[in-house]
Number of protein chains: 2
Amino acid sequence: MDPAIICPRFEKAMSLMSQRWTGLVIYQLLTGPKRFCTLESSMGISGRVLSERLKDLENQGIVKRDVYPETPVRIEYSLTDKGAALQPIMKEIETWSQTWLEPEPNQ
Amino acid sequence: MDPAIICPRFEKAMSLMSQRWTGLVIYQLLTGPKRFCTLESSMGISGRVLSERLKDLENQGIVKRDVYPETPVRIEYSLTDKGAALQPIMKEIETWSQTWLEPEPNQ
DNA sequence: ATAATTACTTACTATAAGTAACTAACTTTT
DNA sequence: AAAAGTTAGTTACTTATAGTAAGTAATTAT
């Protein structure tokens, strides 16, 4: 008894987007490459989880990691084509949020 | 030091979509009203969490709960206008998944 | 009277995320 | 030369979230 079979590709995409922080990391990278410490401080994510997420996203071919052997070393994270193709999703989330959510949620 | 300030409305929408199962629940409801047991069995969600999610979504005005005092009682969950407006997001996730994910993920 | 159905809730366990201190490689300051 | 600072993490531990399985309430069927 399976009333509605869900496309496994859609389900996989949804479980990606449903991971805590993943969407925000991608959103930040849409404006260009970012360093670890920049991502860490711009959203409220902990280093432990950011490290985990970036590794996952790299393994999925969504994020690219570039090492610049400067001093101190600079490591930049950026979106691959696969990652950049997530932009329309972010755009729609933005549109929805501006239409349906109030500007001042607290107080 | 706040290198990138994120719009609080966008952040709220993103944290909604980042909740495990929330996206799939909404996706299922896009095809019409559904009962608790139907949602429970069509995705792999546990009753405990489904109950929690539906309550949250109802409180946020995304889902509507209708009681039909038949026998046994029928309770249907459906999307409000605010909930139905999430469809473009789902559409974009679907498009992305079909372009960038492989049909057979395992093996 | 007993069993079945739906829509949950409750108690308990397992997994994921947060916190804070630590490491490695290198450089600047003292 | 030793101590402190920087970036990019990792590790050990705590807290929060999700999964599991059994229980409840209302009603009908057997």
Side-chain angles (χ1 to χ4, degrees), chain A residues 1-4 6 11-12 14-29 32-60 62-79, chain B residues 1-4 6 11-12 14-29 32-60 62-79:
Chain A
M1 245 192 239
D2 241 345
I6 305 165
E11 212 167 341
K12 208 189 165 189
M14 189 58 94
S15 84
L16 167 77
M17 293 300 298
S18 293
Q19 279 256 55
R20 208 168 189 165
W21 297 114
T22 298
L24 275 186
V25 168
I26 291 163
Y27 182 72
Q28 296 284 14
L29 295 182
K34 298 272 178 300
R35 310 178 65 160
F36 191 93
C37 64
T38 307
L39 289 169
E40 193 176 14
S41 63
S42 65
M43 25 203 279
I45 194 172
S46 69
R48 201 192 67 78
V49 174
L50 178 56
S51 166
E52 201 175 286
R53 287 295 177 277
L54 289 170
K55 251 179 247 170
D56 283 358
L57 290 170
E58 207 190 335
N59 289 335
Q60 290 175 82
I62 289 169
V63 160
K64 193 165 62 84
R65 182 181 186 269
D66 291 305
V67 181
Y68 299 91
E70 297 170 1
T71 279
V73 67
R74 181 165 55 103
I75 289 165
E76 284 196 342
Y77 293 94
S78 56
L79 295 175
Chain B
M1 247 193 237
D2 241 345
I6 304 165
E11 211 167 343
K12 207 188 166 190
M14 188 56 94
S15 84
L16 166 77
M17 294 299 298
S18 294
Q19 280 256 54
R20 207 165 187 168
W21 298 114
T22 298
L24 275 186
V25 168
I26 291 162
Y27 182 72
Q28 296 284 15
L29 295 181
K34 299 271 177 301
R35 310 177 66 160
F36 191 92
C37 62
T38 306
L39 290 169
E40 196 177 13
S41 63
S42 64
M43 25 205 275
I45 194 173
S46 69
R48 201 192 66 79
V49 174
L50 178 56
S51 166
E52 202 175 285
R53 287 297 176 276
L54 288 170
K55 250 179 246 169
D56 283 358
L57 290 170
E58 207 190 335
N59 289 336
Q60 290 174 82
I62 289 169
V63 159
K64 193 165 64 82
R65 182 180 186 270
D66 290 305
V67 181
Y68 300 91
E70 297 170 0
T71 277
V73 68
R74 182 163 53 102
I75 290 166
E76 284 197 341
Y77 294 93
S78 55
L79 295 175

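Convention: sequence-line order gives letters A, B, ...; per-chain numbering from 1. The figures here come from the full heavy-atom set of this structure, side chains too, leaving out hydrogens, waters and symmetry mates.
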Can you tell me how far C1' of D:dA8 sits from CZ of A:Arg65, to the nearest Å?
8 Å
Write down the distance between CZ (A:Arg74) and P (C:dC26), rounded to a whole number of angstrom.
17 Å
A:Trp21 to A:Val49 - nearest heavy-atom pair and separation:
CD1-CG1, 3.9 Å
Atom-pair distance (CG on B:Leu39; C1' on C:dA7), nearest Å:
12 Å
Looking at CG of B:Leu24 and CD of B:Gln19, how far apart are the two atoms once the value is rounded to the nearest 0.5 Å?
13.0 Å
State the OG-OH distance between A:Ser42 and A:Tyr27, to the nearest 0.5 angstrom.
11.0 Å
To the nearest 0.5 Å, tell me how far B:Lys34 NZ sits from B:Ser41 OG.
11.0 Å
Side-chain atoms of A:Tyr77 come closest, of D:dG9, C:dA7, C:dG18, to D:dG9
Just jot down the side chain to side chain donor-acceptor pair (under 3.5 Å) partners of A:Asp66, sequence neighbours excluded, or say none.
A:Lys64
Which distance, rounded to the nearest 0.5 Å, do you find between the NZ of B:Lys12 and the CE of B:Met17?
15.0 Å
Quick check for you: to the nearest 0.5 Å, what is the distance between B:Arg53 atom CZ and B:Leu39 atom CG?
13.5 Å
Could you state the atom-to-atom distance from CG of A:Asp56 to P of C:dA16 in whole Å?
11 Å
Between CD1 on residue B:Ile26 and CD1 on residue B:Ile62, distance to nearest 0.5 Å:
5.5 Å
I'd like a list of close polar pairs between nucleotides 10-15 of chain D and the protein, N/O only, cut-off under 3.5 Å.
| unit_1 | atom_1 | unit_2 | atom_2 | d |
| --- | --- | --- | --- | --- |
| D:dT10 | OP1 | A:Lys55 | NZ | 3.0 |
| D:dT10 | OP2 | A:Ser51 | OG | 2.5 |
| D:dT10 | OP2 | A:Lys55 | NZ | 3.2 |

Taking the side chain of B:Ile75 as heavy atoms from C-beta outward, which of D:dG9, C:dA7, D:dG19 is closest to it?
C:dA7
Using whole Å, what does the distance between atom C1' of nucleotide D:dA8 and atom CD of A:Glu76 come to?
13 Å
How many Å lie between NZ on B:Lys34 and C1' on C:dA7, as a whole number?
17 Å
Listed pairs, N/O of protein and of nucleotides 28-30 of chain D, under 3.5 Å:
| unit_1 | atom_1 | unit_2 | atom_2 | d |
| --- | --- | --- | --- | --- |
| D:dT28 | OP1 | B:Thr71 | OG1 | 3.4 |

d(CD, A:Gln19; C1', C:dT15) in whole Å
12 Å
Round to a whole Å and report the spacing from CZ of B:Arg20 to C1' of D:dG19.
9 Å
Give a yes or no on whether the backbone of B:Lys55 and the side-chain of B:Arg65 come within a donor-acceptor separation of less than 3.5 Å.
no
Choose from C:dG18, C:dA7, D:dA18 the nucleotide whose nearest atom is closest to any side-chain atom of B:Val73.
C:dA7
Looking at B:Trp21, does any N or O in its side chain come under 4.0 Å of the phosphate oxygens OP1/OP2 on D:dT17?
no
